[in-house]
Amino acid sequence: MKALKAFGEGVIKLIDSPIPTINADQVRIRPLAVGFCGTDVDIIENRIDPAFVNYPITIGHEWCGEIEEIGSKVRSLKVGDRAVVQGIIPCNNCRECKDGHTNRCEIYDEYGFTRDGAASGAVIAKEDLVYVLQSHVSIESGVLAEPTAVVTTGFLKSNPKIGAKVLVIGDGTIGLIAATLIRNWSPSQVDVLGLRKEQESLVKQTGADNFYTSDEELLQLYDFVIEASGSKKGSEGAFRKIARGGTLLILGYIGHEVSIPVVIDDVVNGDFSIFASFGATTVAWKRTVELFNTKKLDLTFLATHRYPLADWERALDALKTAPAPRGKVLMLPQGE
Ligand SMILES: [Zn+2]
Ligand SMILES: [Zn+2]
């Protein structure tokens with residue numbers, strides 16, 4: 001099979017790789033589509049904290065696929081099921097896992113980071129990490145299960161209140177998912193602050209009330225601010241948009257060892273609650289799949305660009321330079 005591998009130092013190649021074999025408690029899944037993510041670019045270009053990546057690595061942590069082979073001890077899954085796989089593999093033994101914080105498992109191990117991801121012809125997974133999608137769930141929604149579980153993990157932690165006025169900063173995939181998903185927490189208003197006016201058609205489909213592209217257009221403060229731009233400007237601006245007693249949830253990653261100035265006076269006098277979140281927990285994965293399977297969430301609209309895996313260079317180029325509106329860039333390992 002072909003696998004798209006990052007070697008570090010900016011080197012990435014589509015290489016021949018053996019099809020992995022399964023154990024009795026595992027399944028082999030054929031990826032149907034793989035999302036190309038800004039984090040993949042960070043992996044390719046060595047911008048990730050080295051504690052969280054093992055080179056060489058097949059990229060692809062946002063994906064869904066179809067089960068092609070099951071081990072002899074697998075009971076809950078069958079060949080042909082469409083499925084997603086929990087990204088961070090919990091040991092289920094350490095203190096963090098036992099407390100439910102499987103995203104912080106002391107033995108960090110994640111598809112597409114420390115073990116081979118889905119930009120290839122096959123992924124191996126243990127039965128208990130695999131979640132079946134109902135047939136009405138689109139491949140596009142399935143691909144976005146991982147980033148949705150990441151956003152859900154942040155929401156479960158920061159607990160957005162019913163009736164909150166919400167500001168999402170960032171008009172990329174995480175911001176658009178956050179703006180869509182927050183509706184399940186019954187906010188009174190959801191505004192999005194982005195950079196690109198041309199993203200408006202996508203922002204509208206999230207159900208957001210208002211879309212702004214300049215800080216100065218924002219005339220109010222918000223109870224719940226979600227930083228999803230992953231930029232210094234967005235992160236700095238986020239602290240200035242929080243109402244007294246409000247909450248900031250940081251989902252954007254601005255790069256390894258990047259800092260921003262924060263006025264601690266405002267944080268203290270404003271009685272802010274500040275949350276950040278890493279990866280996704282088992283509970284968030286289950287919640288995410290349930291939202292898709294019960295038709296409470298559909299993110300099909302977010303996939304705007306598609307390329308065969310063999311055309312990964314065009315996909316990477318689209319991720320970096322395609323004009324807005326641009327949502328998720330997909331790579332199709334089957335080459336459709
Ligand atoms: Zn991602
Ligand atoms: Zn653990």
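Worth knowing before you read on, the calculation uses all heavy atoms, side chains too, and leaves out hydrogens, waters and symmetry mates.
For Ser277 and Lys157, the side-chain atoms include no donor-acceptor pair closer than 3.5 Å. Using a 3.5 Å distance cut-off with no hydrogens or angles, the side chains of Thr114 and Asp109 do pair a donor with an acceptor. Side-chain contact check for Ser138 and Thr300: at least one donor-acceptor pair (N or O, by modelled atom type) lies under 3.5 Å. Under the 3.5 Å distance criterion, with hydrogens and angles disregarded, a donor-acceptor pair is assigned to the side chains of Ser141 and Asp298. Defined by atom type and a distance below 3.5 Å, a donor-acceptor pair is present between the side-chain atoms of Thr282 and Thr102. Side-chain N/O atoms of Ser188 and Lys165 include no donor and acceptor closer than 3.5 Å. For Arg326 and Gln199, the side-chain atoms include no donor-acceptor pair closer than 3.5 Å.
At a threshold of 4.5 Å between non-hydrogen side-chain atoms, the residues Ile12 and Leu4 count as touching. Contact of the Asn210 side chain with the Val192 side chain is not registered, since no non-hydrogen atoms from C-beta on lie closer than 4.5 Å. Contact annotation: the side chain of Glu216 never approaches that of Leu218 to less than 4.5 Å [non-hydrogen atoms, C-beta and beyond]. Within the 4.5 Å cutoff, side-chain heavy atoms of Pro20 are placed close to those of Met1. Side chains of Val34 and Leu332 form no contact here, defined as non-hydrogen atoms less than 4.5 Å apart. With a 4.5 Å cut-off on side-chain heavy atoms, Pro333 and Trp63 do not count as touching. The closest side-chain heavy-atom distance from Ile89 to Glu110 is not below 4.5 Å. Side-chain contact between Arg183 and Val190 is present, with at least one heavy-atom pair separated by less than 4.5 Å.
Salt-bridge check for Glu290 with Lys296: failed, with every basic side-chain N at 4.0 Å or more from each acidic carboxylate O. Salt-bridge annotation for Lys161 and Asp223: absent, with no side-chain N of the basic residue lying under 4.0 Å from a carboxylate O of the acidic one. Between Asp271 and Arg244 there is no salt bridge, since no side-chain nitrogen of the basic residue lies less than 4.0 Å from a carboxylate oxygen of the acidic one. Ion pairing of Glu257 with Arg47 is absent here, as no side-chain N (NZ or NE/NH1/NH2) approaches a carboxylate O to less than 4.0 Å. Between Glu45 and Lys320 there is a salt bridge, since a side-chain N of the basic residue sits under 4.0 Å from a carboxylate O of the acidic one. A salt bridge does not link Arg82 to Glu66: none of the charged side-chain nitrogens sits closer than 4.0 Å to a carboxylate oxygen. A salt bridge between Asp81 and Arg30 is absent, with no side-chain N of the basic residue lying under 4.0 Å from a carboxylate O of the acidic one.
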Exercise for the section: Given side-chain contact (heavy atoms from CB on, under 4.5 Å), test Cys37 with His61 step by step and report yes or no. Expected result: CA-CA 8 Å; Cys37 169; His61 57 275; 3.6 Å; yes

Practice task
Dump the intermediate steps for side-chain contact (heavy atoms from CB on, under 4.5 Å) on Lys232 and Val258, then the final yes or no.
Solution key: CA-CA 8 Å; Lys232 282 183 84 161; Val258 178; 3.9 Å; yes

Practice task
Quick one: do Asp116 and Tyr111 satisfy side-chain hydrogen bond (donor to acceptor under 3.5 Å, both in side chains)? Show the steps, please.
Solution key: CA-CA 6 Å; Asp116 284 337; Tyr111 285 100; over 6 Å; no

Problem - Candidate pair Leu133 and Val289, rule side-chain contact (heavy atoms from CB on, under 4.5 Å), full reasoning - result: CA-CA 7 Å; Leu133 299 175; Val289 171; 4.2 Å; yes

Practice task
Dump the intermediate steps for side-chain contact (heavy atoms from CB on, under 4.5 Å) on Lys5 and Lys13, then the final yes or no.
Solution key: CA-CA 5 Å; Lys5 274 201 193 284; Lys13 288 180 195 163; 5.7 Å; no

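Separation of atoms CD1 (Ile174) and CD (Glu227) is listed at 11.0 Å; rounding is to 0.5 Å. Atoms CD1 and CG, from Ile169 and Leu167 in turn, are 4.5 Å apart once rounded to the nearest 0.5 Å. Taking CD1 of Ile48 as the reference point, atom CG of Asp42 lies at 5.0 Å (rounded to 0.5 Å). With values rounded to the nearest 0.5 angstrom, Leu302 atom CG is found 6.0 Å from Thr180 atom OG1. The line from CG of Leu181 to CG of Leu176 is 12.5 Å long, rounded to the nearest 0.5 Å. Taken from CD1 in Ile88 to SG in Cys97, the straight-line distance is 10.0 Å, to the nearest 0.5 Å.
Cluster annotation: Val225 and Leu249 are assigned to distinct hydrophobic clusters (Ile/Leu/Val/Met/Phe/Trp/Tyr, side-chain heavy-atom contacts under 4.5 Å, transitive). The hydrophobic clustering, which links ILVMFWY residues whose side-chain heavy atoms are closer than 4.5 Å, places Ile59 and Tyr307 together. Taking hydrophobic clusters as Ile, Leu, Val, Met, Phe, Trp and Tyr residues chained together by side-chain heavy-atom distances below 4.5 Å, Val263 does not share a cluster with Val268. The cluster map of Ile, Leu, Val, Met, Phe, Trp and Tyr, joined by side-chain heavy atoms under 4.5 Å apart, puts Val130 and Trp285 in different clusters. No chain of hydrophobic side-chain contacts below 4.5 Å, direct or via other Ile, Leu, Val, Met, Phe, Trp or Tyr residues, connects Leu221 to Ile250.
Pairs of residues two or more places apart, or lying in two chains, never qualify as ring pair (Phe, Tyr, Trp, His ring centres under 6.0 Å) while including a residue from residues 228-248. Judged as a ring pair (Phe, Tyr, Trp, His ring centres under 6.0 Å), the pairs with a partner in residues 159-190 (not counting sequence neighbours) are, in order, Phe155-Trp185. Listed by first and then second residue, the ring pair (Phe, Tyr, Trp, His ring centres under 6.0 Å) pairs that reach into residues 22-53 are Phe52-Tyr108, Phe52-Phe278, sequence neighbours excluded. Residue pairs meeting the ring pair (Phe, Tyr, Trp, His ring centres under 6.0 Å) criterion with at least one member in residues 125-144, sequence neighbours excluded, do not occur.
Here the closest non-hydrogen pair linking Ala322 and His305 is CB-NE2, 3.7 Å. Considering every non-hydrogen atom in both Ser235 and Ser229, the closest pair reads N-OG, 4.3 Å. Considering all non-hydrogen atoms of both residues, Ala310 and Leu14 come closest at CA-CD2, 3.9 Å. Nearest approach of Gly71 to Ile22, heavy atoms of both residues: N-CD1, 3.5 Å. The nearest pair of heavy atoms linking Ala284 to Thr153 is CB-OG1, 3.0 Å. Smallest separation of non-hydrogen atoms from Gly112 and Ile43: O-CD1, 3.5 Å.
Without hydrogens or angle criteria, Glu127 side chain to Arg75 main chain gives a donor-acceptor distance under 3.5 Å. When atom types are taken as modelled, the side chain of Glu217 and the backbone of Ser214 share a donor-acceptor pair closer than 3.5 angstrom.
More than 12 heavy atoms of other residues, nucleotides or ligands sit less than 6.0 Å from atom CD of Gln220.
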Could you list the donor-acceptor pairs under 3.5 angstrom formed between side-chain atoms of residues 142-152 and any protein atom two or more places apart in sequence or on another chain?
unit_1, atom_1, unit_2, atom_2, d
Thr148, OG1, Leu144, O, 2.6
Thr152, OG1, Thr148, O, 2.8
Thr152, OG1, Thr288, OG1, 3.4

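Not counting sequence neighbours, the partners of Asn23 by the side chain to side chain donor-acceptor pair (under 3.5 Å) test are Gln26.
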